[in-house]
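The basis for the numbers below is simple: all heavy atoms, side chains too, and nothing from hydrogens, waters or symmetry mates.
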Amino acid sequence: MSDDKYFWKIGYPPPRIERHSQTKHEIVEEYVRRYVLTLMAPAHIPELRLSIIDGFCGGGCYQTEDGQVVDGSPLLMMRAVREARMLLNLDRRIPRNINVDYSFIDILPDTTGYLDHWLSARLDENAIDLIDYRQAEVITSDFLQSLPYLIQKIQQRKMGEHALFILDQYSYKDIPLPQISNILRTLNGAEIVMTFNVDNMTTFLSDHASNRKSLENIGLDKYIPWAELKSLKVTQKQEWRQILQRHIAYGIRRETGAKFMTLFFVKPKGSNSWGYWLIHLSNEYRAHAVMKALHWENATEFGHELEPGRFTLGYNTNKDTEYTKQQTFEFSGAGSRDACINGVHEYFGQAVFQLDEPIRLAELFKSCVTNSTAAEDHLMEATRQLHTSKNIIITSKDGTVRRNNKTYSLSDTIEASKQIILI
């Protein structure tokens, strides 16, 4: 993360970190740990080769609001890998190898110098493993200038195209979305976790050449309703931000080309407004499911301003009244889980009956998750409730008709019953 308030220099105390940023770091740390464990879930896999790239890495440590020094994202990700490595090798005679190549990039020499110093100090304290320390490259450069080198480096690793990019840029202008698309398209196993200061963008958005140019540079200009922008802010005084968010979220999904996306607000402690999105982009359903579950486990910090069940990206003026009635959805809010399940349940019912042929649960879930707050357990519960109605039939892979259950296999198929039960 690069900004004036984040200053690192050897001999000076590290910068302060706010609580919402700590939450973001904790999410990244836990995601890396689960990411490794998920990829290594099949017991026959002897080794994982993974690249972790922190494109705006900072100096490696911060001061909390109460004055404690805590590790930043580079160290937290190393710690997550260490914990996963230990869990995978408990009571094993033949170890399973977690081979991670780290690239930590920041544009300021003082910052990367501080990170080098902090990595060495934490190694001396046995806070990170020597194997991870030796495979960490600290790069003083602009992330975008380093990107061709990073992609080539990943491609040259045998069985090593699993890559996790952490992009905690301060300004939404720092990462053009076509570059994100290039990463996801070029590297088969790439994922992106990035921040996006949508509140800053919408607050100052206006139909001026400078605004248009900055959004053109990141690939979002064609998704903004420039002609209606001024009247939108006047006629939709309460809802115009939500309307713009739909356009921007739709643009991010289209421009990156990601099959799966989570895009939810992180709210700074003590603030009444949602400031920025934490976005996860991937082409794998399982990765998406892991990240979505983490959002719900950290419910007090996350929310969004769209529908609680399945929401629409982009904007349709014919549904204006539906959009403008939406209240902010907070993951920890009373009734949030039920509202989420009810919305998914309704969508599943409509989708299954409109399709009028069997569909695997995996495909049904995939059709829903990016445009939903639902984690996999919510999808399963919505399926169970639909099954309870006896208006649908669920069949296992071997052709056995399933009874109502708390959970199902993603390989099960679901279809409309020929005999509808009316209540």
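A salt bridge does not link Glu47 with Lys158: none of the charged nitrogens is closer than 4.0 Å to a carboxylate oxygen. Under a 4.0 Å N-O distance rule, the pair Asp168/Lys24 qualifies as a salt bridge. Between Asp101 and Arg49 no salt bridge is recorded (no basic side-chain N to carboxylate O distance below 4.0 Å). A salt bridge links Lys153 and Glu137; the closest N-O separation between the charged side-chain nitrogens and carboxylate oxygens is under 4.0 Å.
Taking the side chain as every heavy atom from C-beta outward, Phe56 and Ser73 never approach each other to under 4.5 Å. Residues Leu88 and Leu48 are not in side-chain contact: their nearest non-hydrogen atoms beyond the backbone lie 4.5 Å or more apart. The closest side-chain heavy-atom distance from Leu278 to His20 is not below 4.5 Å. Using a 4.5 Å heavy-atom cutoff, the side chains of Ile139 and Thr112 are not in contact. No side-chain heavy atom of His378 sits under 4.5 Å from any side-chain heavy atom of Val344. Side-chain contact between Tyr347 and Asn371 is absent, with no heavy atoms from C-beta onward closer than 4.5 Å.
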Candidate pair Glu29 and Asp71, rule side-chain contact (heavy atoms from CB on, under 4.5 Å), full reasoning: CA-CA 11 Å; Glu29 178 184 9; Asp71 289 325; over 6 Å; no

Chi angles and distances behind the side-chain contact (heavy atoms from CB on, under 4.5 Å) call for Glu376, Tyr285: CA-CA 10 Å; Glu376 191 168 281; Tyr285 167 76; 2.6 Å; yes

Glu346 vs Asn342, side-chain contact (heavy atoms from CB on, under 4.5 Å): CA-CA, chis, key distance, verdict: CA-CA 6 Å; Glu346 181 181 351; Asn342 290 340; over 6 Å; no

Residues Leu115, Asp106; criterion side-chain contact (heavy atoms from CB on, under 4.5 Å); working and verdict: CA-CA 10 Å; Leu115 178 58; Asp106 202 282; over 6 Å; no

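Of all heavy-atom pairs spanning Tyr35 and Ala163, the tightest one is OH-N, 3.9 Å. Nearest heavy-atom pair, Ser21 versus Tyr6, reported as atom, atom and distance to 0.1 Å: OG-OH, 4.2 Å. Pairing each heavy atom of Thr140 with each of Leu108, the nearest pair is CG2-C, 4.1 Å.
A side chain to side chain donor-acceptor pair (under 3.5 Å) with Tyr250 is found for one member of Arg253, Arg254, His247, Arg246 and no other, namely Arg254. Across Arg85, Arg82, Arg79, a single residue satisfies salt bridge (Lys or Arg N to Asp or Glu O under 4.0 Å) together with Asp132, and that is Arg85.
Counting non-hydrogen atoms of neighbouring residues, nucleotides and ligands closer than 6.0 angstrom, the CD atom of Gln22 exceeds 12 such neighbours.
Atom CD1 of residue Ile52 and atom CZ of residue Phe165 lie 11.5 Å apart, to the nearest 0.5 angstrom.
Here the side chain of Lys292 pairs a donor or acceptor atom with the backbone of Ala374 at under 3.5 angstrom. Between the side chain of Asp129 and the backbone N or O of Ile131 there is no donor-acceptor pair closer than 3.5 Å. Trp8 places no side-chain N or O within donor-acceptor distance of the main-chain N or O of Gly113, the cut-off being under 3.5 Å.
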Under 3.5 Å, sequence neighbours excluded: what are the donor-acceptor pairs made by side chains of residues 351-366?
from   : atom 1 : to     : atom 2 : distance (Å)
Arg360 : NH2    : Glu363 : OE2    : 3.2

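With sequence neighbours left out, the side-chain contact (heavy atoms from CB on, under 4.5 Å) criterion links Ser282 to Glu191, Phe260, His280, Ala287, His288. Considering only residues two or more places apart in sequence or on other chains, Tyr408 meets the ring-ring contact (aromatic ring centres under 6.0 Å, His included) condition with His387.
Looking at Arg185 and Ser181, their side chains do bring a donor and an acceptor atom within 3.5 Å of each other.
Between Tyr62 and His25, the angle of the ring planes lies from 30° to 60°, which puts this pair in the tilted group. Under the 30°/60° scheme for interplanar angles, the aromatic rings of Phe196 and Tyr172 are found to be tilted.
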